[in-house]
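Working notes, structure below.
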Amino acid sequence: MKHLALANTINKFVINKSELYEYKDSIASKGVSDTLEGCLNFCTCDGKSKSLFEIDSVVDYLHDELNTGHWSDVPINVRRCFSVASFAKMLIMLQTASEFSLELLQKALKCIDLGLLLGAPLNENSDLLTDIAKYLSCKISELNNSVIVFNTVKRLKLDEDLIIYNNLNAKEINYEECPSMELFDKIYFKAKIPVKLKSCMKHWPASTKWLDVNYILKIAGDRTVPIEIGSHYVDENWSQKLMTLKDFIHKHYLSDDDGDIGYLAQHNLFEQISELKNDICIPEYCALSLDYDNCIEPDINAWFGPKGTVSPLHFDPKDNILAQVYGTKQIILFSSEDTKYLYPHESNLLFNTSQVDPINPNLLLHEEFTKATMYKCLLEPGDMLYIPLKWWHHVTALDKSFSVSFWWK
Ligand SMILES: O=C(O)CCC(=O)C(=O)O
Ligand SMILES: [Fe+2]
């Protein structure tokens, strides 16, 4: 029975079995906590048989807990408990299935991905879900060799977009060919001046490997990721959906129809899918002021989408290096000193986002905007852009694009 053998193998990924039971006391309901305990007994120790229905009730209960109130107020142990319950659900799914199939593995992987996305790493079994996801993903691609060959990324015609870019009344950002740390530090980093860094990504495996979307499909096609749907995050029709990368690539990335824009935006894809992390390199410049001795890494996020994704004018609280793996992005910037001309939203949630669309400003509403000094930059494959903390930026993808941002301080 292949699925039972698989469940046994996966069970061996657990380093400390007793840790799995540690977080159940953070569940307010005794009944739910007991059900989780029973399910763990069944899936890890041959305890009394449990059904998918029982573990589903635990997962659903915890899911509600995670979605009540503000995300940052959810106790970490409740999130860990969600990871444990997702693990148990995946095992029970394998143990109780009537037959082994590709679909079964895909469902099991989805369950682990939800545990990764909404849960939290355990203390002693910190890589448990990441390693299981990697293992299941490999098994799925062994079974599913029928990867369809799509065109690799080509440079699209940018002419029309370039006319818009050239007509922007803005100062071009400086660029440097792979500057030394000293030069970058002295001229740009200390002075908090943005700069385009050219030729610094030649050694990234991603620069060649990711051009072929089949590579991403093969490694990660069945992984569930959060996708932003809609023209941009301030738009009233904007929403977020969880879907597999495969569905995202087919429905939003490769499809040329004018349907909803989908954007895998600001997601730490590399923590979720460690194989992809091997293809990128943390820019050396991030060592400036980062506490490497204490192993503090930058926050690394993926930005993967079709032509036309827009990140509205906003600023972030950390220094940023935005690395362009492929595709071209138009970036408009303003210094933090010009905030007074940029009409930030008044709500607490959007205080870092401007109400002005810098490409089509409504000067009747935002007349002070003309006093702001606009900077612009065309970020092409292999370019990185240093965006100092609190600098405003507005980003438009001019063709299919994959960027990686490194926020650090
Ligand atoms: O590339 C984008 O769409 C936005 C990137 C961004 O805002 C960032 O890296 O902070
Ligand atoms: Fe940003």
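Each ligand, and each atom within it, is numbered from 1 in the order the structure gives. Just so you know, residue 1 is the first one in the sequence shown, and it goes up from there.
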Problem set entry | Atoms in ligand 1 with a heavy atom of His314 nearer than 4.0 Å | 7 (O)
Seminar exercise, completed: For His393, the atoms of ligand 1 under 4.0 Å from one of its heavy atoms are 6 (C), 7 (O), 8 (C), 10 (O)
For this session: Please confirm whether Tyr253 and Phe304 have ring centers closer than 6.0 angstrom.
Result: yes
Problem set entry | Apex the Fe ion (ligand 2); atoms His393 NE2 and His314 NE2; angle rounded to 10 degrees | 90°
Problem set entry | Residue Asp316 atom name (nearest to the Fe ion (ligand 2); N/O/S) | OD2
Exercise. Does the side chain of Leu288 reach to within under 4.5 Å of the side chain of Met181, using non-hydrogen atoms?
Worked result: yes
Exercise. Going by heavy atoms in the side chains, are Phe184 and Val195 under 4.5 Å from each other?
Worked result: yes
Exercise. Near Trp407, which atoms of ligand 1 are under 4.0 Å from a heavy atom of that residue?
Worked result: 8 (C), 9 (O), 10 (O)
Problem set entry | Closest candidate by heavy atom, reference atom 4 (C) of ligand 1, pool Ser311, Gly305, Ala302 | Ser311
Exercise. Which atoms from ligand 1 have a heavy atom of Tyr263 less than 4.0 Å away?
Worked result: 1 (O), 2 (C), 3 (O)
Problem set entry | For atom 10 (O) of ligand 1, the protein heavy atom that lies nearest, with its residue and separation | Asp316 OD2, 2.9 Å
Exercise. Taking the six-membered ring of Tyr386, is the NZ or CZ of Lys196 close enough (under 6.0 Å from the centre) and on axis enough (within 45°)?
Worked result: no
For this session: Measure the shortest side-chain to side-chain distance between Ser137 and Arg223 over non-hydrogen atoms and say whether it is less than 4.5 angstrom.
Result: yes
Exercise. Just how far is it from atom CD of Glu19 to atom CG of Leu128, taken to the nearest 0.5 Å?
Worked result: 9.0 Å
Seminar exercise, completed: Note: ligand 1 atoms sitting under 4.0 Å from heavy atoms of Leu322 are 9 (O)
Exercise. Which of the numbered atoms in ligand 1 are below 4.0 angstrom from a heavy atom of Ser405?
Worked result: 9 (O)
Exercise. Does Tyr326 have its ring centroid less than 6.0 Å away from the ring centroid of Trp204?
Worked result: no
For this session: With heavy atoms of Asn320 as the reference, note each atom of ligand 1 found under 4.0 Å away.
Result: 8 (C), 9 (O), 10 (O)
Problem set entry | Closest to atom 1 (O) of ligand 1 among Lys329, Glu228, Gln266 (heavy-atom distance) | Lys329
Problem set entry | Check: Phe369 ring centre within less than 6.0 Å of Phe334 ring centre | yes
